[in-house]
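All values below were derived from every heavy atom in this structure, side-chain atoms included, with hydrogens, water molecules and symmetry-related copies excluded. Proteins come first, then strands; the chains are lettered A, B, ... in the order of their sequence lines, and each starts at number 1.
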Amino acid sequence: MPQPKTISVLKKRSEFLAVAAHRKRWVSAGFIVQIAPRDGALSPSIAYGLTASKKMVSSLAVDRNRARRRLRALAQTFLPALGLAHANYVFLAKKDILTLPYETLRCDFEKALGRLKV
RNA sequence: CCAGACAGCCGGAUGGCCGCUGCCUGCCCCCUUGCGGGGGUGGGGAGAGGAAAGUCCGGGCUCCAGACGAAACGAUGCCGGAUAACGUCCGGCGAGGGCGACCUUAGGGAAAGUGCCACAGAAAACAAACCGCCUGCCCUUACAAAAGGGUCAGGUAAGGGUGAAAAGGUGCGGUAAGAGCGCACCGCGUUUUUGGUAACAAAAACGGCACGGAAAACCCCAUCGGGAGCAAGACCGCAUAGGAACCGCACGUUCCCUUGCAAAAGGGAGCGCCGUUCUUCGUCACGGCACGCAGGUUCGGGUUGGUUGCUUGAGGUGCUUGGCAACAGGCACCCUAGAUGAAUGGUCAUCCCUUAUCGCAAGAUAAGGACAAAACCCGGCUUAUAGGCUGUCUGGCCUU
RNA sequence: UGGGGCGUCGCCAAGCGGUAAGGCAGUGGAUUUUGAUUCCACCAUGCGGAGGUUCGAUCCCUCCCGCCCCAA
C-alpha cells in the first residue's frame with residue numbers, strides 16, 4: 001500500500017532493450033512480464049516500464065492508452081510489495097487486457113511475479 | 001397524429017478508496033556571499049474533443065535565401081461581399097431536382113490553335129444522297145397517256161432506318177418534290193433601351209439559322225503562390241576531432257592619380273572573367289581577380305541528454321451598435337491542459353439509458369454504455385458518431 | 001512532419017476513354033493399361049469503396065478504406 005517512493009520508471013530505449021536481452025519472461029492472458037537485474041547502487045531498488053504496441057493491442061490510440069493505464073495501475077499498486085529488490089521489470093500489454101476483469105489481472109500479476117527470478 | 005425540410009445544442013451523472021502530470025503555497029534539510037537551486041513532507045486548485053482523427057487547404061510563428069522581372073510548374077475559376085488568408089463562409093444569379101418546406105451545382109473561353117467523338121449508320125462536322133420522293137432522258141408493253149424499269153443526268157433534307165448526338169421546333173402557306181423559301185409563335189444570335197454595383201433579367205427591333213458535344217483531352221485567358229518546417233529555431237552539457245581523400249581557382253587588360261631617377265608599390269575608373277538567390281533565363285546589385293587562405297563534395301568518427309520554443313491567443317463569455325448575412329466595432333468580466341517510452345486515470349457503489357430473459361403488472365436479474373484521445377498554435381474542409389433535446393417551416397390525415 | 005507509390009480471377013499480372021490480354025492453379029474431356037507430359041474446352045454479379053464529368057469510366061476528377069516505400 002502507499003509507501004515512500006520505492007519504484008521508478010524506465011524511459012530510455014536502451015533500458016528497454018537491456019531488459020529484453022536478459023530473456024527471462026512470464027506470459028499470461030493479458031500481458032507479458034520481462035525481468036532483468038538492476039544496478040544495486042541506484043536508489044529506488046525496483047523500476048518498471050510499459051509497452052503497448054499497435055500490433056499486439058490495437059490500432060486505436062484510445063485502446064493503447066487504456067491498456068497502458070490498467071498495467072500502470074497494477075504496477076503502482078502491487079509492485080512495491082511483490083517485486084524483487086534490485087530488478088527492472090517491463091510489461092508488454094496484450095489485446096485481452098482491455099476486456100479481462102480486474103480481479104483476474106490481479107491474480108495473474110501475483111502469479112507472474114512469484115514465478116520470476118533474476 | 002404521421003411523414004419530412006432546415007437551423008442549433010448535449011455527448012452519461014454523483015460519491016468513496018488508491019494514484020499520475022503541471023501550477024500556487026506552508027514547514028524541514030542541503031548547496032550558494034547573494035539572487036536562487038535541489039530534496040523530503042503537508043495543503044489548495046487545474047487537467048482531452050466535437051470531431052482532439054484524416055492530414056485535404058489556408059495562415060501565424062521560426063529558420064534559410066542579395067533585389068526584381070520573365071519562363072516553367074502548381075492551384076483556383078458565374079457575380080458581389082466577409083476575412084490574416086483560403087479551394088472556406090455569407091448573400092445573389094443561371095442551370096437541374098422536389099407536390100412543397102427546400103436541396104444540388106469544378107458554373108471562364110470551343111469563330112486562337114491541335115487532337116477526339118468507338119460500334120452502328122449513306123453521312124459524325126469548311127456536312128452528307130443508302131433507301132425513298134420529284135424532274136429530265138432512255139428502254140419495254142402499246143403511238144400517246146398511265147404503269148413498270150435503268151451500273152443514266154440532276155433536284156431534294158419532308159419520310160425511313162442507325163446512333164448519346166443527324167445541322168433549329170410546331171403549324172400554315174408554298175413547290176415538280178422539297179427546303180427559313182415565306183409567314184406566325186417558340187428557341188437562337190446581334191443591337192438598343194430599361195432595372196441591377198455586377199453576374200443577369202425583361203422589353204423592343206433586326207437577322208433568317210450562321211455557332212453539335214467535350215476544356216474533370218492538350219490548351220488559352222485571368223488571379224494567386226520564394227523554400228522548408230517546432231525533429232523549425234536558440235542555449236547548455238557530453239563526446240570525437242582539430243581527421244582523410246578528391247575537386248576548383250579567372251594568374252586578365254586599358255586609362256588616370258600619388259610616391260619614386262627607374263624598376264616597382266598603393267589607390268581609383270572602364271572593359272572582360274569568376275562567384276553570390278529557387279528548375280532555368282535575363283536585368284541590376286555586391287564581392288573577387290590570390291599560391292594562399294578560405295570554399296565545395298565524399299568518406300570516417302561522436303552525440304540522439306537537459307533547458308527553452310510552450311501556451312494570453314486573428315482567445316472565450318455576456319450585453320450592445322452597424323449589416324439581410326458571413327462578419328466588424330464598442331463596453332464589462334474571465335484565464336480555461338502543456339505531456340515527451342508521452343500525464344489527464346484505476347477500481348467500487350448508486351442513479352440514468354439500451355438490449356435480452358422472467359412476470360398480467362409493479363418490478364427483478366444479466367450484459368452493455370457512440371465515434372474517438374491533445375503533441376507549436378489558429379481558421380476551415382472531409383470523414384466517423386449510440387442515444388437524446390430545442391426552435392422554425394412544409395405536405396397529409398383526423399377533431400372542433 | 002513532409003514526399004512518393006500500389007490495390008484488376010485463388011496467385012503473378014497486361015490494359016489506361018469504346019463490351020477486361022496472358023501465364024500458373026482449378027474443373028471437365030481426349031490421348032495412355034494407369035499416372036506425368038501434351039492437346040481441347042470451361043472458369044470475373046462487372047477492376048478496393050462512394051460520388052461526379054462524359055453518350056460511354058479499370059482509365060479523368062473529388063472524397064474515403066487498406067497496404068508499402070523514402071527523407072529528417
[atom1] spacing across the pair [N] / [M], given as an integer number of angstrom:
N: C397(B); M: A164(B); atom1: P; answer: 44 Å
N: G160(B); M: G178(B); atom1: P; answer: 14 Å
N: A285(B); M: A290(B); atom1: C1'; answer: 24 Å
N: C78(B); M: G195(B); atom1: P; answer: 28 Å
N: G313(B); M: C377(B); atom1: C1'; answer: 8 Å
N: G270(B); M: G288(B); atom1: P; answer: 14 Å
N: U392(B); M: C79(B); atom1: P; answer: 39 Å
N: G96(B); M: C68(B); atom1: C1'; answer: 50 Å

Send over the distance from [X] [atom1] to [N] [atom2], rounded to a whole Å.
X: L98(A); N: G346(B); atom1: CG; atom2: C1'; answer: 14 Å
X: R106(A); N: G19(B); atom1: CZ; atom2: P; answer: 17 Å
X: F78(A); N: G19(B); atom1: CZ; atom2: P; answer: 12 Å
X: R64(A); N: A343(B); atom1: CZ; atom2: P; answer: 12 Å
X: N65(A); N: A375(B); atom1: CG; atom2: C1'; answer: 12 Å

Can you give the donor-acceptor pairs under 3.5 Å from side chains of residues 91-99 of chain A to other protein atoms, not counting sequence neighbours?
| residue | atom | partner | partner atom | Å |
| --- | --- | --- | --- | --- |
| K94(A) | NZ | S28(A) | O | 3.2 |
| K95(A) | NZ | V57(A) | O | 3.4 |
| T99(A) | OG1 | D96(A) | O | 3.3 |

My understanding is that a pair needs two contacts under 3.5 Å, Watson-Crick or G-U wobble. By that rule, which nucleotide pairs with [N]?
N: C251(B); answer: none
N: G8(B); answer: C389(B)
N: G300(B); answer: none
N: G173(B); answer: C181(B)
N: G260(B); answer: none
N: G189(B); answer: C206(B)
N: G10(C); answer: C24(C)
N: A124(B); answer: none

Determine if the base of [N] is syn or anti; take syn to mean the glycosidic torsion is within 90° of 0.
N: U336(B); value: syn
N: U62(C); value: anti
N: G115(B); value: anti
N: A294(B); value: anti
N: A48(B); value: syn

About how many Å separate [atom2] of [Y] and [atom1] of [X], when rounded to the nearest 0.5 Å?
X: F31(A); Y: R70(A); atom1: CZ; atom2: CZ; result: 11.0 Å
X: Y48(A); Y: L74(A); atom1: OH; atom2: CG; result: 10.5 Å
X: R25(A); Y: L116(A); atom1: CZ; atom2: CG; result: 11.0 Å

Residue met sooner reading RNA chain B from 5', once V62(A) and Y102(A) are mapped to nucleotides:
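Between the two, 5'-proximity favours Y102(A).
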
RNA chain B: 5'-proximal contact among R66(A) and L60(A) (nearest heavy atom)
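Nearest nucleotide further toward 5': that of R66(A).
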
Knowing that exactly one of L71(A), V9(A), L10(A) qualifies, which makes a side-chain contact (heavy atoms from CB on, under 4.5 Å) with L50(A)?
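It is L71(A), the one option of L71(A), V9(A), L10(A) that forms the side-chain contact (heavy atoms from CB on, under 4.5 Å) with L50(A).
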
Exactly one of L79(A), D108(A), L84(A) should register a side-chain contact (heavy atoms from CB on, under 4.5 Å) with L113(A). Which one does?
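Looking at L79(A), D108(A), L84(A), the match for L113(A) under the side-chain contact (heavy atoms from CB on, under 4.5 Å) is L79(A).
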
Of all the heavy-atom pairs spanning A112(A) and W26(A), show the shortest one and how long it is.
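Heavy-atom minimum between the residues: CB-CD1, 3.1 Å.
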
Could you pull out the closest heavy-atom pair between V19(A) and A36(A), with the gap in Å?
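Answer, listing the atom of V19(A) first, then A36(A): CA-CB, 3.8 Å.
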
Out of A374(B), A372(B), G346(B), which has the shortest distance to the side chain of A61(A)?
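So the nucleotide nearest the side chain must be A374(B).
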
Side chain of R70(A) only, heavy atoms from C-beta on: which candidate in G346(B), G19(B), A373(B) is closest?
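Within the option list, the nearest is G346(B).
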
Mind checking if R69(A) touches a base, just sugar-phosphate, or nothing, with heavy atoms under 4.0 Å?
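The answer is base, as R69(A) lies within the cut-off (heavy atoms under 4.0 Å) of a base atom.
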
Below 3.5 Å between N/O atoms, which protein atoms pair up with nucleotides 338-342 of chain B? Just atom names and distances, please.
| residue | atom | partner | partner atom | Å |
| --- | --- | --- | --- | --- |
| G341(B) | O2' | L10(A) | O | 3.0 |
| G341(B) | N7 | K11(A) | O | 3.2 |
| G341(B) | N2 | T51(A) | OG1 | 2.6 |
| A342(B) | OP2 | R72(A) | NH2 | 3.4 |

For R106(A), give me all partners under salt bridge (charged side-chain N to carboxylate O under 4.0 Å, His left out), at least two apart in sequence or on another chain.
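Scan of R106(A) (salt bridge (charged side-chain N to carboxylate O under 4.0 Å, His left out), adjacent residues dropped) gives E103(A), E110(A).
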
